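As structure tokens, the structure follows; a few thoughts come after it.
Because the structure is a prediction, the values reported are computed rather than measured. Order of the sequence lines sets the chain letters (A, B, ...), proteins ahead of strands, with each chain counted from 1. All heavy atoms count here, side chains included; hydrogens, waters and symmetry mates do not.
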Protein chains: 2
Amino acid sequence: MALASRGVPVLDRLMQVLEAFDLNSPSLTLTQISQRAHMPMATVHRLTADLEEHGLLERLPDRSYRIGVRLWELACLAPGALGLRELAMPHLQDVHATIRQHTQLGILQDREVLFLERLSAPDAVINMTLVGGRVPLNASSSGLVLLAHASPALQEEVLTSSLPRFTDRTITAAPELRRVLASVRQEGYAAGVGYVNLEATGIAVPVWGPNEVVIAALGVVVPSTTQRLQPIVSVLQSAAANISKALRATHLPAGHAGADDGGRYRGMISASLGSLELSGKDTGAPSGSG
Amino acid sequence: MALASRGVPVLDRLMQVLEAFDLNSPSLTLTQISQRAHMPMATVHRLTADLEEHGLLERLPDRSYRIGVRLWELACLAPGALGLRELAMPHLQDVHATIRQHTQLGILQDREVLFLERLSAPDAVINMTLVGGRVPLNASSSGLVLLAHASPALQEEVLTSSLPRFTDRTITAAPELRRVLASVRQEGYAAGVGYVNLEATGIAVPVWGPNEVVIAALGVVVPSTTQRLQPIVSVLQSAAANISKALRATHLPAGHAGADDGGRYRGMISASLGSLELSGKDTGAPSGSG
DNA sequence: TGGTCGATTCCATTGAAAGGAATAACTCAT
DNA sequence: ATGAGTTATTCCTTTCAATGGAATCGACCA
């Protein structure tokens with residue numbers, strides 16, 4: 001009887017509606033949503049009405065929909081990523097003030113870099129990344145930093161999967177990537193010329209959290225004509241160290257207690273900021289371990 | 001039979017779960033959520049599991065939940081408020097670099113100020129506001145600016161409702177508020193000493209969008225001991241003007257076209273950034289105007 | 001080892017959600 | 001004006017996703 005969505009949980013459908021929006025189509029008509037979400041008009045109509053009721057969608061005068069601010073408000077409660085962002089902000093500003101180029105903070109999410117913040121320069125080179133946007137791990141210096149310090153499991157997973165290409169400088173060969181990752185660990189930073197765009201060179205350093213875990217990558221994007229990268233690396237490393245310090249300062253007072261109790265808090269932090277294996281669903285579940 | 005939530009739409013319940021989180025309790029156990037959302041454990045358990053599936057909730061090692069990054073990612077697609085934030089950022093940084101105090105950008109949402117961004121200073125006075133946080137309109141200089149330029153309907157609504165008090169300086173009397181609003185319109189800025197906290201003085205100016213509509217308030221929070229406010233006002237006004245200019249520059253190319261076509265785009269912008277009458281549900285619908 | 005508390009699973013019941021169809025509203029043609 | 005085409009909204013019956021009480025599991029502590 002061609003009931004496309006019969007038997008599909010509501011939340012799934014709601015997410016389909018929300019995910020119909022993207023950066024290229026920030027506002028959509030009912031019909032467009034219905035097409036993109038593969039659902040009947042009547043259904044979408046009710047769902048959007050419900051979402052609007054809760055402020056998760058907004059309606060424009062031309063009757064089209066867009067993502068609402070309420071969603072952003074809720075999102076601001078996410079302490080993990082946004083806490084880190086808040087805390088790192090002043091240091092991003094320091095870097096930005098010194099280098100005067102795109103400065104960005106990224107974390108590992110699924111198998112990509114998710115950029116939490118980006119300070120731009122009006123006269124800077126083009127930069128694909130956007131706040132809230134994602135980039136493959138192999139195609140950005142931030143990604144290389146995060147991957148280099150990620151769990152061996154994730155590294156293998158990425159190394160054995162097909163690596164997307166943006167320019168002919170993008171690293172797509174597993175052996176080369178393996179070499180680069182080793183170098184990143186060795187040198188303490190990643191510098192990539194033209195991975196995403198030939199005009200742009202990315203430089204990134206790891207941000208260490210407690211427990212010897214890398215929780216983020218701090219990076220800049222400069223014109224590929226830039227000669228001396230070492231001074232930039234120093235600025236980044238210094239800022240990253242300050243972020244780490246701020247992290248430690250923030251987390252200890254919260255838990256305080258004795259030495260034996262601190263482990264719980266540290267676990268929470270590291271596991272949440274670098275939550276990888278949480279989403280086991282899209283890894284394809286390589287083998288049954290349970 | 002005490003079926004508390006029988007007959008309540010799923011989205012309502014999902015929102016109840018998400019809204020159980022706040023800044024003071026960024027992570028909650030199942031039991032806590034169940035209490036705060038007034039729902040049986042079994043129900044909450046399934047809801048949280050669903051939400052986690054979609055990344056809207058994250059689970060920590062200690063089995064407690066928190067808001068997930070996915071929510072923030074979706075929120076980043078909201079072009080209205082976040083577009084404004086992105087665009088205003090560099091100018092916020094200018095102000096922050098000059099004044100070296102809390103610098104914030106707020107918009108009108110429901111009957112409150114919603115802060116889109118805040119740049120802080122480590123040595124600055126305390127400041128209640130947080131990114132993503134709200135403050136009543138009568139209790140902050142940003143709120144006064146927004147209210148002063150809001151629709152007469154909203155102004156009346158606020159003036160005739162009970163006004164929350166934070167300190168004995170907070171304006172809670174309608175006649176006084178009316179006078180202050182007139183002054184804000186007259187002078188082009190609002191300055192409030194100790195509305196929220198006696199130690200802090202807020203100064204805010206309107207950010208004008210196209211169509212002679214105020215779409216945001218740009219403000220700083222300085223120590224109440226600060227003597228000369230006029231220089232600060234100048235800095236703010238200049239930055240606000242630059243934001244307005246950037247707004248115009250961004251929106252015209254999108255629509256371009258002739259003068260007769262621009263109206264559509266302008267309508268979208270103003271209505272979305274300062275969406276007030278959209279949410280007619282909580283205004284109680286004073287009278288049928290259409 | 002038994003008791004308390006939180007999390008999880010089970011499952012019979014049921015009303016919220018679905019979506020086809022009819023209707024309304026809004027363009028643009030001619 | 002008129003009518004064809006497109007998009008949005010309302011109606012209404014069917015039905016399965018969601019509910020939540022109860023049972024079970026598991027962790028922690030005394």
Side-chain angles (χ1 to χ4, degrees), chain A residues 1-18 20 25 27-54 56-66 257-258 260-261 263-264 267-268 278 280 290, chain B residues 1-18 20 25 27-54 56-66 257 260-261 263-264 267-268 278 280-281 290:
Chain A
M1 39 183 60
L3 297 190
S5 311
R6 272 264 181 253
V8 175
V10 212
L11 183 53
D12 288 17
R13 281 199 283 274
L14 290 171
M15 287 301 283
Q16 280 184 60
V17 170
L18 291 177
S25 335
S27 77
L28 298 171
T29 65
L30 239 199
T31 316
Q32 287 174 315
I33 299 176
S34 139
Q35 284 163 356
R36 287 168 171 243
H38 307 290
M39 282 187 267
M41 285 272 288
T43 306
V44 175
H45 181 259
R46 198 169 22 73
L47 291 177
T48 52
D50 291 352
L51 288 167
E52 191 193 355
E53 184 91 1
H54 288 273
L56 303 180
L57 283 182
E58 284 171 7
R59 195 133 206 207
L60 305 178
D62 70 348
R63 314 249 77 193
S64 70
Y65 290 95
R66 68 149 73 160
D260 51 75
D261 191 79
R264 183 138 107 199
M268 284 172 60
L278 289 180
Chain B
M1 41 186 68
L3 297 191
S5 312
R6 274 263 181 251
V8 177
V10 212
L11 182 53
D12 288 17
R13 288 206 214 73
L14 290 171
M15 288 301 283
Q16 281 185 58
V17 170
L18 291 177
S25 337
S27 78
L28 299 171
T29 66
L30 238 200
T31 315
Q32 287 174 315
I33 300 176
S34 139
Q35 284 163 355
R36 288 170 168 240
H38 307 291
M39 283 187 266
M41 286 272 289
T43 306
V44 175
H45 181 258
R46 197 168 20 74
L47 290 177
T48 52
D50 291 352
L51 288 167
E52 191 192 356
E53 184 92 1
H54 289 273
L56 304 182
L57 240 38
E58 283 171 9
R59 195 128 206 211
L60 305 178
D62 70 348
R63 312 252 77 191
S64 70
Y65 289 95
R66 67 148 75 160
D260 52 76
D261 191 79
R264 184 139 107 200
M268 284 172 60
L278 289 179
K281 63 174 164 143

Whole-Å distance, B:D12 CG to D:dT19 P, equals 11 Å
A:L47 atom CG is separated from D:dA17 atom C1', nearest whole Å, by 14 Å
| Does the pair B:L47 and B:R13 meet the rule for a side chain to side chain contact (heavy atoms under 4.5 Å, CB included), with working shown? | CA-CA 8 Å; B:L47 290 177; B:R13 288 206 214 73; 3.8 Å; yes
The residue, A:Q35 or B:V10, whose nearest nucleotide of DNA chain D is more 5′ is A:Q35
| message | Please tell me if A:T31 has a side-chain N or O lying less than 4.0 Å from either OP1 or OP2 of D:dA8. | response | yes
* Asked: Between B:H45 and C:dT8, is there a side-chain N or O to OP1/OP2 distance below 4.0 Å?
  -> yes
Side-chain atoms of A:P9 come closest, of D:dA18, D:dT7, D:dT19, to D:dA18
Taken to the nearest whole Å, CD/B:E53 to P/D:dA18 is 12 Å
Those residues at least two apart in sequence (or on a different chain) that pass side chain to side chain donor-acceptor pair (under 3.5 Å) with A:T48 are A:Y65
Testing C:dG19, D:dA17, D:dT19 for proximity to the side chain of A:T43, the answer is C:dG19
Taken to the nearest whole Å, CD1/A:I33 to C1'/D:dT9 is 15 Å
Between CG of A:L30 and P of C:dA25 the distance, given in whole Å, is 16 Å
Of D:dT19, D:dA8, D:dG20, the nucleotide closest to the side chain of B:A42 is D:dG20
With the side chain defined as heavy atoms from C-beta on, B:P40 is closest, among C:dT8, D:dA18, D:dG21, to D:dG21
In whole angstroms, the gap separating C1' of D:dA18 from CD of B:Q16 amounts to 15 Å
**Message:** With a 3.5 Å distance limit and no angle check, can you tell me whether B:S34 reaches the backbone of B:M39 through a side-chain donor-acceptor pair?
**Reply:** yes
When rounded to whole Å, the CD to C1' distance for the pair B:Q32 and C:dA7 reads 13 Å
- [ ] Start with the C-alpha distance between A:D12 and B:D50, add both sets of side-chain angles, then the distance that settles side chain to side chain contact (heavy atoms under 4.5 Å, CB included), and finish with yes or no.
- [x] CA-CA 9 Å; A:D12 288 17; B:D50 291 352; over 6 Å; no
Closest of C:dA7, D:dA18, C:dA17 to the B:M41 side chain is C:dA7
Between CZ of B:R46 and P of C:dA7 the distance, given in whole Å, is 16 Å
The nucleotide from D:dT19, D:dT9, C:dT8 with an atom nearest the side chain of B:R59 is C:dT8
Give a yes or no answer on whether the side chain of A:R36 reaches the backbone of A:A20 with a donor-acceptor pair at less than 3.5 Å.
yes
By the 4.0 Å heavy-atom rule, please label B:R63 as base, sugar-phosphate, or nothing. sugar-phosphate
